[in-house]
Amino acid sequence: MRCAVFASGTGSNFKTLLERKSSGELHADFVLMVGNNSKAAAFQHAQDHNIPTLHCAPSHFQSEGEYSEYLLSQLQKYSAEMIVLAGYMKKLPGKIVARYHGRIINIHPSLLPAFGGKGMYGSNVHKAALEYGVKLTGVTVHFVDDEYDHGPIIVQQCLAVQDNDTPETLAQRVLALEHATYWRALEAICCGKLVLEGRRVKDYG
Ligand code: GAR
């Protein structure tokens, strides 16, 4: 499965995917890395693995139409069959979401639909979970549709919130769980095990 990865920041999830690919556990081909922030460490991870990179942000274009046409042309150029969001902080244009329906995945650091939606990313998510007082939080991998953090759920993993947790300690444990979870979800897709029926994702592994 030829995958384009979109990342905005540290790219630790992307790095983990690359490591699982190198160890032979993940059967995905990473054909392109797209980032909106040229300083993102994710670019370095791609370069370390000789993966072509593309620095491309909505602000580089006069309209969303031009932006999506350009992105689509690049995805086609590299024959990307699937898009993997790994800490990508921009909303994908509707045209791309429609073209790649059922072929875009994202990872989110909470148990959706809790603590998702616009503005809910990174430490905002963990602050909100602690303020709410949840006893369980975790990780959600989901298909992407045209609403933030809303598409069909592929897998969720949970962990217990401790009384002395801070947003930072929680973020650390959730991120470790993300690293253990994302590659497995992608591998299930690469092996053709998942079937999407409405909002339900069934695993015929
Ligand atoms: C991860 O925690 C990921 O779940 C989150 O951004 C972080 C990126 O870390 N994504 C979202 O909040 C999406 N709504 P990374 O760059 O080290 O992979």
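Nothing here was measured: the structure is a model prediction, and the numbers come from that model. Keep in mind that the numbers below use all heavy atoms, side chains included, and drop hydrogens, waters and symmetry copies. Counting starts at 1 for both ligands and their atoms, in listed order.
- In this structure, Phe61 and Tyr70 have tilted ring planes: the angle between them lies in the 30° to 60° band.
- Val155 and Val84 fall within a single hydrophobic cluster, where Ile, Leu, Val, Met, Phe, Trp and Tyr side chains are chained together by heavy-atom contacts under 4.5 Å.
- Listed by number with element, the atoms of ligand 1 under 4.0 angstrom from any heavy atom of Asp149 are 14 (N).
- The hydrophobic clustering, which links ILVMFWY residues whose side-chain heavy atoms are closer than 4.5 Å, places Leu54 and Tyr67 together.
- Nearest protein heavy-atom neighbour of atom 4 (O) of ligand 1: Glu178 OE1, 2.7 Å.
- The shortest N or O to N or O distance between Tyr88 and ligand 1 is not under 3.5 Å.
- One N or O on the side chain of Ser8 and one on the backbone of Met89 form a donor-acceptor pair closer than 3.5 Å.
- Close contacts between ligand 1 and Gly122 involve ligand atoms 12 (O) [criterion: under 4.0 Å to a heavy atom].
- Look at Met120 and you'll find a heavy atom under 4.0 Å from some atom of ligand 1.
- Nearest to atom 7 (C) of ligand 1 by heavy-atom distance, out of Pro109, Gly119, Ser12, Gly87, is Gly87.
- If you number the atoms of ligand 1 from 1 as listed, the ones under 4.0 Å from a heavy atom of Thr10 come out as 16 (O), 17 (O).
- Remark: side-chain polar atoms of His60 are paired, donor with acceptor, to backbone N or O of Ala57 under 3.5 angstrom.
- If you check which protein heavy atom lies closest to atom 16 (O) of ligand 1, you get Gly11 N, 2.7 Å.
- Shortest contact from atom 14 (N) of ligand 1 to any protein heavy atom: His108 ND1, 3.1 Å.
- Taking every heavy atom of Tyr121 and a limit of under 4.0 angstrom, the matching atoms of ligand 1 come to 12 (O).
- No donor-acceptor distance shorter than 3.5 angstrom exists from the side chain of Arg20 to the backbone of Trp183, with no hydrogens or angles considered.
- Here the protein heavy atom with the shortest distance to atom 9 (O) of ligand 1 is Asn13 ND2, 4.1 Å.
- Hydrophobic clustering of Ile, Leu, Val, Met, Phe, Trp and Tyr side chains at less than 4.5 Å, counting indirect connections, unites Met82 with Tyr182.
- Between Lys21 and Asp29 there is a salt bridge, since a side-chain N of the basic residue sits under 4.0 Å from a carboxylate O of the acidic one.
- The protein non-hydrogen atom at the shortest distance from atom 10 (N) of ligand 1 is Ile107 O, 3.6 Å.
- With hydrogens left out, the protein atom closest to atom 6 (O) of ligand 1 is Met89 CE, 3.4 Å, a heavy atom.
- Nearest heavy-atom pair across Asp146 and Lys91 is O-NZ, 2.8 Å.
- Counting heavy atoms under 4.0 Å from ligand 1, residue Val125 does not touch it at all.
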